[in-house]
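Taking it in order: structure first as structure tokens, then the write-up.
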There are 2 protein chains.
Amino acid sequence: MGTRDQLIDSSRELLWERGYVGTSPKAIQQRAGAGQGSMYHHFTGKADLALAAIRRNAAEVRADAEAVFAGPGTAPERIERYLRRERDVLRGCRVGRLAHDPDIVADAALRQPVEETFGWLRGRLAAVLAEGQSRGELAAGFDPVAVAATVAAVVQGGYALARAANDPATFHHAVDGVVQLLAAHATTRE
Amino acid sequence: MGTRDQLIDSSRELLWERGYVGTSPKAIQQRAGAGQGSMYHHFTGKADLALAAIRRNAAEVRADAEAVFAGPGTAPERIERYLRRERDVLRGCRVGRLAHDPDIVADAALRQPVEETFGWLRGRLAAVLAEGQSRGELAAGFDPVAVAATVAAVVQGGYALARAANDPATFHHAVDGVVQLLAAHATTRE
DNA sequence: GTCTATATCGAGATAGAC
DNA sequence: GTCTATCTCGATATAGAC
């Protein structure tokens, strides 16, 4: 792997752990084992490198989620599998963290991949939910677009609650709750 | 209002807007109209001032929420009123934002008021939900503790989605979704 | 209590040698 | 491509005058 990729990977980790404001070029270089010269040769600056790193993180988040959505099972099963997928809860979401970073939100170019990722996620969740309704796996008494946003929000908010408590349990409670609420809309088949 | 209070208020605003890592003592002083000397006379440093500011923000968050929980109405009505309360969505939660700040989470003293606030919030939500079940306003088919975490997570996650999209609409979708899901558990009375 | 001066360090970037 | 030297600021804090 070239130095350029090592810089991107180092940046990906630090953006996940500390966000954009909390990550310095120096820290990125040290973790990558590269010097100043390398970084400013391959990238125009901190923002340019961060953008490359964010795009890769975003692609990974989408691929991980799509693996569940496109997998086997009924719609409610896939939603639950997405919610209960193994996660490093206290680290949180590689992309969602950036939505809380003032310098990311303020910069259209840096915010764009974050916006796209969550736009895509809500769209996919809504599609799965709508498919479940049309197949009769889920009752028709809710708006798939609204509940898709709810499911995505439970995951992101669950991370926040878990970090506040320094305990992953709260995340799992939040997931349990929405699974229970959704279960009331699953059509019984016996 | 004394200089000390102006420094705290200035810090409260900046912590809300930019988080702890993104807020400098200099910025706090300028917004407060105070000099270096004042700040370091009243507080031992950035962390000390931040702690005072966080505690006030936390108290305000709790008071705002309690006003709804202790108000009139059935349990599901109060939960919905809490969710639909007027909010400055794109600014997000004064306390929740800090759960994403690496230097807050890493410092036990700074994290404590954040943990307490969300512990309290989940407890109050759970109490309202349990009360609703015991009064027969809500069906018994869910765990109040789990759904309390879900409701709190929807709010925090809704802020994250809205900031990612730079559009408050997503927050309201997430709220709509959980209200719709919860409605299936409300006992019909006619 | 508040001010100004000063100190140290790191952030972020540029320049030019190799 | 990568290195070291250097630059400018701002972050954070201390010291001592007023």
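Order of the sequence lines sets the chain letters (A, B, ...), proteins ahead of strands, with each chain counted from 1.
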Report task. Please report, rounded to the nearest Å, how far the P atom of dA11(D) is from the CG atom of L49(B). Result -> 15 Å
Requested in this report: Just do the salt bridge (Lys or Arg N to Asp or Glu O under 4.0 Å) check on E17(A) and R31(A) with the steps written out, would you?
Outcome: CA-CA 13 Å; E17(A) 292 171 19; R31(A) 187 173 294 211; 3.1 Å; yes
Query - Donor-acceptor pair, side chain of T23(A) and main chain of G19(A), under 3.5 angstrom - result: yes
Query - Nearest-angstrom distance from the residue atom NZ of K46(B) to P of dT14(D) - result: 15 Å
Query raised in the report: Expressed in angstrom and rounded to an integer, what is the separation of H41(B) atom NE2 from dA13(D) atom C1'?
Result: 16 Å
Query raised in the report: Does OP1 or OP2 of dT2(C) have a side-chain N or O of H42(B) closer than 4.0 Å?
Result: yes
**Report entry** Protein-nucleotide distance (Q36(B), atom CD; dT4(C), atom P), rounded to Å
**Finding:** 10 Å
Query raised in the report: Is the cationic atom of R87(B) (NZ for Lys, CZ for Arg) positioned less than 6.0 Å from the six-membered ring centroid of Y82(B) and within 45 degrees of its normal?
Result: yes
Query raised in the report: Quick one: does NZ or CZ of R97(B) land under 6.0 Å from the six-membered ring centre of W16(B), within 45 degrees of the ring axis?
Result: no
Requested in this report: For F43(B) and dG1(C), give me the distance from atom CZ to atom P, rounded to whole Å.
Outcome: 13 Å
Report task. Show the numbers, then the answer: is there a salt bridge (Lys or Arg N to Asp or Glu O under 4.0 Å) between E60(B) and R56(B)? Result -> CA-CA 6 Å; E60(B) 221 172 76; R56(B) 287 207 192 169; over 6 Å; no
Report summary line: Dot-bracket assigned to DNA chain D with the 3.5 Å Watson-Crick/G-U criterion, [ ] for crossing and | for other-strand pairs, is ||||||||||||||||||
Report task. On DNA chain C, check which nucleotide each of Y20(A) and G37(A) is closest to and give me the residue with the more 5' one. Result -> Y20(A)
Query raised in the report: To the nearest Å, how far apart are Q29(A) CD and dA13(C) P?
Result: 10 Å
Query raised in the report: Is the charged tip of K46(B) near the ring of Y40(B): under 6.0 Å from the six-membered ring centre and within 45° of its axis?
Result: no
Query - Distance-only donor-acceptor check, side chains Q156(A) and Q156(B), under 3.5 Å - result: no
Query raised in the report: Taking atom P of dG12(C) as reference, at what distance in whole Å does atom CG of L7(A) sit?
Result: 15 Å
Query raised in the report: So, is S38(B) close to the dC3(C) phosphate, meaning a side-chain N or O under 4.0 Å from OP1 or OP2?
Result: yes
Query raised in the report: Hey, does the side chain of K26(B) come within less than 4.0 Å of dG10(D)'s phosphate (OP1/OP2), counting only N and O?
Result: no
Report summary line: In whole angstroms, the gap separating C1' of dT2(C) from CZ of R4(B) amounts to 16 Å
Report task. Would you indicate which nucleotide in dT2(C), dT2(D), dG12(C) comes nearest to any side-chain atom of P25(A)? Result -> dG12(C)
